[in-house]
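To start, the structure under review is shown below, and the notes come after it.
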Amino acid sequence: MNGKTKTMLVCGGSVAVGLVSGFFGGGGGMLAVPLLALSGLDQKRSHATALLVILPICIISASIYIAAGFFDGQIVLCACIGVVLGGIVGAALLNKLNPTLIGIMFALMMIGIGIKLVIV
Amino acid sequence: MTAQQIIIIVSFFGGIIGGMGMGGGTLLIPLLTLAAGLSQHLAQAVNLIAFIPMSVVALVIHKKNGYVTFGKTVHIVVLAAIGAVGGSFLAKYSGGYILRACYGAFLIALGVFQLGKTIKTAVENKKSQNSQSKRGRLIPPSIPNS
């Protein structure tokens, strides 16, 4: 791939990451990591820097959603408590479980829930 | 069980998945709509807001370890932010069902992507393990491979 094509791909991909994250309210991280890898960052840096890309997206998108009336303080508080506690447990469990098994399980769950959302 | 308890439990589950670095909030949104009965729009807003404190903390830690690259990524951050404005307004004016069905399709695509990635990594690990054991003779030839 030559330099110009790559630059165009990275720029187009960046807009796409924002569009997808804003429209779906998340999921941009999974797309930002390969995009950063494409622009020359190694794996660890891609994962860490993806947060830098996602954070402003989240702040901007959240502001637009809140302004449109999609906000409930009590629900947000409950969700934050759950997510933070779960995040700590998840990070601690990461090295203790079989990553292949977990990866396949979550992938199948995503596909199953996805199908349910489309059908119902 | 009260609605708050259900939300805490599904968010806890979503957080575990996120903490493992798999899919982040992608499963939290359908858990909030299917199990806790939130509207698709509200669930997406909750996910966006809940992600902010988590990513600030993670970003500070990564920055300290020197893994965050600023200079080369400014254009990506700016372009992604512009995209986010467009995406959010698109979501605002989309109907609940359309958004939900699109989200389902997006989740299926991510699931297939994740499945492929997991299997690929597992195969690669197995290959490198096999070549290592052949070279280093970690497994004696008399023991049959089960």
Side-chain angles (χ1 to χ4, degrees), chain A residues 11 14-27 29-30 41 44-45 48-49 51-62 64-66 68 70-72 75-76 78-91 94 100 103-104 106-107 110-111 113-115 117-118, chain B residues 4 7-8 11-20 22-26 29-30 41-42 44-52 54-55 58-59 62 67-69 73 76-77 79-92 100-101 103-108 110-111 114-115 118 122:
Chain A
C11 289
S14 307
V15 178
V17 166
L19 263 174
V20 167
S21 306
F23 187 62
F24 293 124
M30 282 176 99
L41 268 61
K44 261 193 175 156
R45 281 174 197 280
T49 310
L51 288 166
L52 186 70
V53 180
I54 299 304
L55 185 59
I57 289 178
C58 277
I59 295 171
I60 291 168
S61 303
I64 295 170
Y65 276 77
I66 292 168
F70 301 113
F71 181 75
D72 184 320
I75 291 174
V76 168
C78 290
C80 282
I81 293 169
V83 166
V84 170
L85 293 178
I88 295 166
V89 173
L94 186 57
T100 307
I104 290 173
F106 287 148
M110 278 185 190
I111 296 169
I113 293 175
I115 291 169
L117 289 178
V118 174
Chain B
Q4 285 96 328
I7 290 166
I8 291 179
S11 307
F12 179 75
F13 190 66
I16 290 180
I17 300 166
M20 291 182 169
M22 284 180 224
T26 44
I29 295 167
H41 283 92
L42 182 57
Q44 292 189 186
V46 168
N47 182 52
L48 284 167
I49 298 165
F51 195 83
I52 295 171
M54 266 256 279
S55 57
L59 201 56
H62 286 314
Y67 288 131
V68 181
T69 310
T73 51
I76 296 180
V77 175
L79 287 170
I82 294 168
V85 175
S88 304
F89 276 108
L90 211 59
K92 182 183 166 183
R100 186 184 154 119
Y103 194 87
F106 177 57
L107 210 54
I108 294 170
L110 284 181
Q114 168 90 29
L115 197 61
T118 308

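Numbered from 1 within each chain, the chains take letters A, B, ... in sequence-line order.
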Task: Residue among A:A68, A:A48, A:A62 with most heavy-atom pairs under 4.5 Å to chain B - done: A:A48
Open item on the list: Just so I understand: if I count every heavy-atom pair under 4.5 Å between each of A:G86, A:A79, A:C11 and chain B, which residue has the most?
Closed with: A:G86
TODO: Taking all heavy atoms of A:I111 and all of B:I108, pick out the closest pair and write down the distance.
DONE: O-CG1, 3.8 Å
Task: chain B contact via A:I115 - side chain, backbone, both or neither, heavy atoms under 4.5 Å - done: both
Task: Choice from A:I59, A:I81, A:V17 maximising heavy atom contacts with chain B below 4.5 Å - done: A:I59
TODO: Name the option with the most non-hydrogen atom pairs under 4.5 Å to chain A; the candidates are B:V68, B:I76, B:I82.
DONE: B:I76
Task: Segment of B:I29 engaging chain A (4.5 angstrom heavy-atom cut-off) - done: side chain
TODO: State, to 0.1 Å, how close A:P56 and B:V77 come at their nearest heavy-atom pair, and which atoms those are.
DONE: CG-CG1, 3.7 Å
Open item on the list: Using 30° and 60° as the class boundaries, would you call the ring planes of B:Y103 and A:F24 parallel, tilted or perpendicular?
Closed with: perpendicular
TODO: Below 4.5 Å from any heavy atom of chain B, which atoms of A:I66 appear? Answer side chain, backbone, both or neither.
DONE: side chain
Task: Pick from B:A101, B:A45, B:P30 with the largest number of heavy-atom pairs that fall under 4.5 Å of chain A - done: B:A45
- [ ] Over 60° means perpendicular and under 30° means parallel, so classify the ring planes of A:Y65 and B:H41, tilted if in between.
- [x] tilted
Task: Shortest non-hydrogen separation from A:V53 to B:A80 and the atoms involved - done: CG1-CB, 3.8 Å
TODO: Give the member of A:C80, A:A91, A:G103 that has the highest number of heavy-atom pairs under 4.5 Å with chain B.
DONE: A:G103
Open item on the list: Show the nearest heavy-atom pair for residues B:L79 and A:S14, with the distance to one decimal.
Closed with: CB-CB, 3.6 Å
- [ ] For residues B:I52 and A:C58, report the shortest heavy-atom separation together with the two atoms involved.
- [x] CG1-CB, 3.9 Å
- [ ] Let me know if A:I54 has heavy atoms under 4.5 Å from chain B in its side chain, its backbone, both or neither.
- [x] side chain
Task: Residue selection (most heavy-atom pairs with chain A, distance under 4.5 Å) from B:A50, B:A91, B:A84 - done: B:A84
- [ ] Mind ranking B:S88, B:S55, B:G86 by heavy-atom pairs under 4.5 Å with chain A and telling me who comes out on top?
- [x] B:S88
Task: Check: B:Q44 side chain, A:F23 main-chain N or O, donor-acceptor pair, under 3.5 Å - done: yes
